[in-house]
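Accompanying notes for the structure given below.
Here is the naming used below: chain letters follow the sequence lines, and residue numbers restart at 1 for every chain. FYI, side chains are in, hydrogens and waters are out, and symmetry mates aren't considered; it's all heavy atoms of this structure.
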2 protein chains.
Amino acid sequence: MDPMARPVVHTDSVRQELLAAAADLVDREGPARVTLRDVATAAQTSTTAVYSLFGGKSQLLTAVVDDGFRSFRDSQVAAAPDGLRALGLAYRTWALEHQALYRLMFGGALAAYADCRPSPDAAADAMEPLLEAVAAAQSAGTLLVAPVESVATAIWGQVHGLVGLELAQVGSPDTDWEAVFASALDAVARGWGV
Amino acid sequence: MDPMARPVVHTDSVRQELLAAAADLVDREGPARVTLRDVATAAQTSTTAVYSLFGGKSQLLTAVVDDGFRSFRDSQVAAAPDGLRALGLAYRTWALEHQALYRLMFGGALAAYADCRPSPDAAADAMEPLLEAVAAAQSAGTLLVAPVESVATAIWGQVHGLVGLELAQVGSPDTDWEAVFASALDAVARGWGV
DNA sequence: CTTGTTTCGTAACAGTGTTATGGAACAAGG
DNA sequence: CCTTGTTCCATAACACTGTTACGAAACAAG
């Protein structure tokens with residue numbers, strides 16, 4: 001009994017191909033131009049696969065965002081040994097290299113597209129290197145002793161905000177964002193340093 | 001000759017009703033839930049009016065954003081006499097009161113929805129009170145003398161970034177954002193003060 | 001080879017932005 | 001007053017979206 005029936009084609013490898021295709025489309029065309037038919041075609045399968053493997057478009061995009069947080073966190077971890085300022089610079093670099101994905105992750109654009117949010121843990125994990133760097137600087141005596149999370153969030157906000165303004169192309173078109181970013185990091189050091 | 005033909009119904013008042021209906025829907029349901037048919041129904045006209053008065057959905061949303069920048073600028077102008085810190089507080093207040101609109105204006109969400117950007121002038125105008133406050137503080141000797149635009153952009157970035165993180169609900173769910181915001185403003189004062 | 005069961009590609013559905021079309025509305029001339 | 005001419009706009013069609021239902025395909029067992 002219990003015949004094996006038709007073999008499964010919607011395997012985990014197809015799942016990863018769909019993820020890659022979706023991420024690629026998001027980065028190249030922006031989230032609005034991502035259609036399930038295009039994603040399925042790029043992954044050489046049908047739209048049904050998205051439903052059987054993810055549940056729908058919003059879950060697929062959520063998975064893309066979660067992957068983005070992992071990649072972002074890796075870049076933060078890699079920069080962590082070089083200190084706080086390196087974290088800030090790595091933050092901007094990653095954002096500029098993955099603009100569409102960055103917007104999807106932090107711009108709240110995803111919530112606007114589909115009623116879904118990335119796993120809160122992903123964002124928290126990405127913040128971990130910063131938290132550790134802040135704590136280390138505090139115990140090293142180079143940073144004001146205040147609630148770690150407050151300091152880290154404020155610093156994150158500074159970096160995040162400047163990147164956001166740069167990506168939104170707000171302000172004067174000929175702004176030297178790199179210089180502004182550098183002097184903002186200086187001001188952060190002065191503002192939170194001992 | 002030149003008969004007057006059928007009288008015009010798509011007047012400027014219909015245009016403003018459409019704008020109001022669209023802004024209302026954006027604020028209540030978010031940009032993704034805004035459909036031309038709903039907007040037209042709310043304004044008691046047909047979808048054609050959107051095309052004859054704005055050109056399409058993206059232009060309608062752009063107009064909503066431009067209006068948002070005007071409202072935002074007004075709140076900044078109102079807070080300007082009370083100094084730099086008041087500008088920051090007013091910034092956050094306005095953003096929290098118009099979350100969906102704020103995301104549309106600064107989150108780059110609009111570009112993701114439709115291929116259009118708000119008039120750059122609108123954002124520049126909104127920044128004017130901050131520029132003046134920075135310049136005033138510099139000549140009063142309470143702020144580091146550095147390129148006004150760099151200082152203003154960095155400060156704007158700090159405020160914008162924290163608000164963005166708060167709206168995106170990134171970080172610990174029980175974060176006391178008001179306190180973080182206040183201490184960040186303190187750090188800005190220390191970082192850029194003389 | 002038939003049967004039974006599971007799987008998934010195709011095609012249909014509801015809803016979107018956008019465009020085309022035909023009727024509606026009025027001034028001028030008979 | 002009616003016809004005509006001209007302009008305008010609401011309705012209906014179109015192409016495309018995410019999603020769902022269906023029926024054919026694929027294999028094990030009898």
Side-chain angles (χ1 to χ4, degrees), chain A residues 1-19 21-22 25-26 28-65 104 109-116, chain B residues 1-19 21-22 25-26 28-65 104 109-116:
Chain A
M1 67 190 66
D2 211 34
M4 274 308 155
R6 178 173 175 169
V8 204
V9 177
H10 289 174
T11 73
D12 198 76
S13 83
V14 172
R15 187 191 147 94
Q16 297 206 345
E17 286 214 42
L18 281 171
L19 248 174
L25 274 179
V26 165
R28 284 209 333 252
E29 315 256 6
R33 300 260 179 245
V34 175
T35 72
L36 286 192
R37 286 167 175 84
D38 285 352
V39 171
T41 301
Q44 297 181 359
T45 177
S46 69
T47 60
T48 311
V50 174
Y51 288 88
S52 75
L53 287 171
F54 293 91
K57 185 185 189 181
S58 59
Q59 286 94 331
L60 172 63
L61 286 179
T62 301
V64 169
V65 166
L104 214 53
L110 185 56
Y113 279 116
D115 298 325
C116 70
Chain B
M1 66 190 71
D2 212 34
M4 273 309 154
R6 178 172 174 171
V8 192
V9 176
H10 288 174
T11 72
D12 199 77
S13 83
V14 173
R15 186 191 148 93
Q16 296 205 345
E17 286 215 42
L18 281 171
L19 248 173
L25 275 178
V26 166
R28 283 209 333 251
E29 314 255 7
R33 302 259 179 244
V34 174
T35 72
L36 286 192
R37 286 170 174 81
D38 286 352
V39 171
T41 301
Q44 296 180 359
T45 177
S46 70
T47 60
T48 311
V50 174
Y51 288 87
S52 75
L53 288 172
F54 292 91
K57 185 185 189 180
S58 58
Q59 287 93 331
L60 172 64
L61 286 179
T62 301
V64 170
V65 166
L104 214 53
L110 185 57
Y113 279 114
D115 298 325
C116 69

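For B/Thr48, no side-chain nitrogen or oxygen approaches OP1 or OP2 of D/dC9 to under 4.0 Å.
Heavy atoms only, all atoms of each residue included: B/Ala21 and B/Val39 are closest at CB-O, 4.0 Å. Between B/Ala22 and B/Val64, the shortest heavy-atom contact is CB-CG2, 3.8 Å.
When heavy atoms are screened at a 4.0 angstrom cut-off, A/Thr45 is found touching the sugar-phosphate backbone but no base atom.
No donor-acceptor contact under 3.5 Å links the side chain of A/Arg6 to the base of C/dT6.
Under the side chain to side chain contact (heavy atoms under 4.5 Å, CB included) criterion, B/Glu29 pairs with B/Leu25, B/Arg33, not counting sequence neighbours. Considering only residues two or more places apart in sequence or on other chains, B/Thr41 meets the side chain to side chain contact (heavy atoms under 4.5 Å, CB included) condition with none of them.
The stretch residues 8-15 of chain A touches DNA chain C through A/Val8, A/Val9, A/His10, each having a heavy atom under 4.0 angstrom from the strand.
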Side-chain donor-acceptor pairs of residues 45-54 of chain A under 3.5 Å, sequence neighbours excluded:
| residue | atom | partner | partner atom | Å |
| --- | --- | --- | --- | --- |
| A/Ser46 | OG | A/Thr48 | N | 3.4 |
| A/Ser52 | OG | A/His10 | ND1 | 2.6 |
| A/Ser52 | OG | A/Ala49 | O | 3.3 |

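Following rounding to the nearest Å, B/Gln44 (CD) and D/dC9 (P) show an atom-to-atom distance of 16 Å. Protein atom CG of A/Leu60 is 12 Å distant from nucleotide atom C1' of D/dG18, rounded to whole Å.
Taking CD of A/Gln16 as the reference point, atom OG1 of A/Thr11 lies at 9.0 Å (rounded to 0.5 Å). The CD atom of B/Glu17 sits 11.0 Å away from atom CG of B/Asp12, with the distance rounded to the nearest 0.5 Å.
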Give me, pair by pair, the N or O atoms of the protein and of nucleotides 14-17 of chain C that are less than 3.5 Å apart, along with how far apart they are.
| residue | atom | partner | partner atom | Å |
| --- | --- | --- | --- | --- |
| C/dG17 | OP1 | B/Val34 | O | 3.4 |
| C/dG17 | OP1 | B/Leu36 | N | 3.2 |
| C/dG17 | OP1 | B/Lys57 | NZ | 2.9 |
| C/dG17 | OP2 | B/Leu36 | N | 2.9 |
| C/dG17 | N7 | B/Arg37 | NH1 | 2.9 |
| C/dG17 | O6 | B/Arg37 | NH2 | 3.1 |

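Annotation: the terminal axes of the helix from C/dC1-D/dG30 to C/dG30-D/dC1 meet at 40°, where each axis is the rotation carrying the C1' atoms of four end pairs onto the next four (5 pairs per end, rounded to 10°).
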